[in-house]
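Data first, discussion second: the structure below is written as structure tokens.
For this chain, numbers begin at 1 and follow the sequence in order. Bear in mind that the values here come from a model prediction, so they are computed numbers and not experimental data.
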Amino acid sequence: MANFSRTQRVSQQLQKELAMILQREIRDSRLGMVTISEVKVSRDLAYAKVYVSFLCVGEQTPESCLKALKEHESHIRMMLGKRIRLRLTPEVRFVYDDTLVEGRRMSSLVNQAVDEDKRKRDESGSDEEA
């Protein structure tokens with residue numbers, strides 16, 4: 001038998017079901033494309049913290065998309081309760097996951113540092129030749 005705890009299995013199942021609900025059931029023009037990066041369930045399975053990121057279009061911002069998603073929390077919990085077999089359906093809380101944005105920013109900083117080093121090396125190389 002695999003060494004997965006009950007909370008890990010429930011987290012994985014919730015992530016799958018929430019992705020299906022958000023993709024097929026929730027129709028809101030204020031939401032961009034929603035991606036669930038992780039679901040953390042409390043030990044007593046009463047709460048689920050859902051980390052989401054958004055692909056925003058036009059006027060949408062991550063903050064406005066998160067606000068719209070939070071308005072649907074109770075409806076999503078109700079649909080989740082119909083799809084999964086648990087004694088208690090966890091209370092769902094959506095949290096914006098900025099790791100993708102932060103990773104992009106860090107990558108950009110690394111690229112700038114490499115370009116700056118290359119520029120300085122080229123300048124010092126041309127000074128040595130003169």
Practice prompt. Determine, step by step, whether S124 and K120 satisfy the side-chain contact (heavy atoms from CB on, under 4.5 Å) criterion, reporting the C-alpha distance in whole Å, the side-chain angles of both residues, the deciding distance to 0.1 Å, and the verdict.
Written response: CA-CA 6 Å; S124 67; K120 286 182 180 179; over 6 Å; no
Discussion item. Please check this pair: side chain of Q8 against backbone of S5, looking for a donor-acceptor N/O pair closer than 3.5 Å.
Written reply: yes
Fill in: Nearest atoms (heavy-atom pairs only) where Y96 meets S53
CE1-CA, 4.2 Å
Worksheet item: With side chains defined as the heavy atoms from C-beta onward, is the minimum distance between T35 and L55 less than 4.5 Å?
Response: no
Discussion item. Could you check whether any side-chain N or O of R27 sits under 3.5 Å from a backbone N or O of R24, counting only pairs where one atom can act as donor and the other as acceptor?
Written reply: yes
Worksheet item: Backbone N or O of Y51 within a donor-acceptor pair of the S37 side chain at under 3.5 Å?
Response: yes
Worksheet item: Quick one: does S42's side chain have a donor or acceptor within less than 3.5 Å of a partner on Y47's backbone?
Response: yes
Worksheet item: Distance-only, no hydrogens or angles: does the R93 side chain make a donor-acceptor pair with backbone N or O of A48 under 3.5 Å?
Response: no
Fill in: Steps toward side-chain contact (heavy atoms from CB on, under 4.5 Å) verdict (I76, L69)
CA-CA 9 Å; I76 290 171; L69 195 56; 4.2 Å; yes
Worksheet item: So which heavy atom on E73 is nearest to which on F94, and how close?
Response: OE2-N, 3.3 Å
Discussion item. With a 4.5 Å cut-off on side-chain heavy atoms, are L66 and F54 touching?
Written reply: yes
Worksheet, complete the sentence: Hits for salt bridge (Lys or Arg N to Asp or Glu O under 4.0 Å) against E71, two or more places apart or cross-chain, chain-then-number order -> R30
Worksheet item: With side chains defined as the heavy atoms from C-beta onward, is the minimum distance between V34 and C65 less than 4.5 Å?
Response: no
Practice prompt. For atom CE of M106, decide whether the heavy atoms of other residues, nucleotides or ligands shown that lie under 6.0 angstrom number more than 12.
Written response: no
Fill in: Donor-acceptor contact present, side-chain S11 to main-chain V39, <3.5 Å
yes
Practice prompt. Give, for atom CD1 of I21 and atom CZ of R83, the distance between the pair rounded to the nearest 0.5 Å.
Written response: 4.5 Å
Discussion item. Please check this pair: side chain of S107 against backbone of G103, looking for a donor-acceptor N/O pair closer than 3.5 Å.
Written reply: no
Worksheet item: Can you find a pair of side-chain heavy atoms, one from L14 and one from L80, that are under 4.5 Å apart?
Response: yes
Discussion item. Tell me every residue that passes salt bridge (Lys or Arg N to Asp or Glu O under 4.0 Å) with R119, counting only those two or more places apart in sequence or in another chain.
Written reply: E116, E123
Response to the item:
Only residue of T89, L22, I26, L18 satisfying side-chain contact (heavy atoms from CB on, under 4.5 Å) with M79 is I26
Worksheet item: Can you name the closest pair of heavy atoms from Q15 and I36 and give their distance?
Response: NE2-O, 3.1 Å
Worksheet entry | L86 reachable from V50 in the ILVMFWY side-chain graph, under 4.5 Å edges | yes
Worksheet item: Are side-chain heavy atoms of K40 and E38 found at a separation under 4.5 Å?
Response: yes
Discussion item. So L45 and R6, do their side chains get closer than 4.5 Å, heavy atoms only?
Written reply: yes
